[in-house]
Amino acid sequence: EFIYEVERLVTGGVEAGEFKKQDFNVAFSLICGTLGAITFLNGENVLEKDLGIYGQTIADAIYTALSCQQALSHTPG
């Protein structure tokens, strides 16, 4: 059911023109990878702040990664 809910979120965002069209498996991995990583860091007690403090930043990062808006480009230097 979790996969279905994420698929609805991503598909709805694409249909609304808010998210770029991309392979669902990649979008799913991006979302779950981000959430899994912060959960791991929390479990290892390496976060400098309470887990809840990171919620909006994580949501913004996931949205930016899925969004149709151009992200800032980074040229390795």
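Values in this document were obtained by computation on a predicted structure and should not be read as measured data.
- Looking at every heavy atom in both residues, Ile3 comes nearest to Phe24 through O-CZ, 3.9 Å.
- Sorted by first and then second residue, the ring pair (Phe, Tyr, Trp, His ring centres under 6.0 Å) pairs with a member in residues 43-64 read Phe19-Tyr63; sequence neighbours excluded.
- Under the side chain to side chain contact (heavy atoms under 4.5 Å, CB included) criterion, Lys21 pairs with Val14, not counting sequence neighbours.
- Of all heavy-atom pairs between Gly17 and Cys68, the closest is O-SG, 3.6 Å.
- Cluster annotation: Ile38 is connected to Phe40 through the hydrophobic network of ILVMFWY side chains, with a link wherever side-chain heavy atoms come within less than 4.5 Å.
- Among residues two or more places apart in sequence or in another chain, the side chain to side chain contact (heavy atoms under 4.5 Å, CB included) test is passed with Ile62 by Leu30, Ile31, Thr34, Leu35, Ile58, Leu66.
- Glu15 meets the salt bridge (Lys or Arg N to Asp or Glu O under 4.0 Å) test with no other residue; sequence neighbours excluded.
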Which donor-acceptor pairs under 3.5 Å do side chains of residues 41-51 form with protein atoms, sequence neighbours excluded?
unit_1: Asp50; atom_1: OD2; unit_2: Gly52; atom_2: N; d: 3.2

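- Distance check: Ser67 OG to Asp60 CG gives 11.0 Å after rounding to the nearest 0.5 Å.
- Looking at residues two or more places apart in sequence or on another chain, you find no side chain to side chain contact (heavy atoms under 4.5 Å, CB included) involving Thr39.
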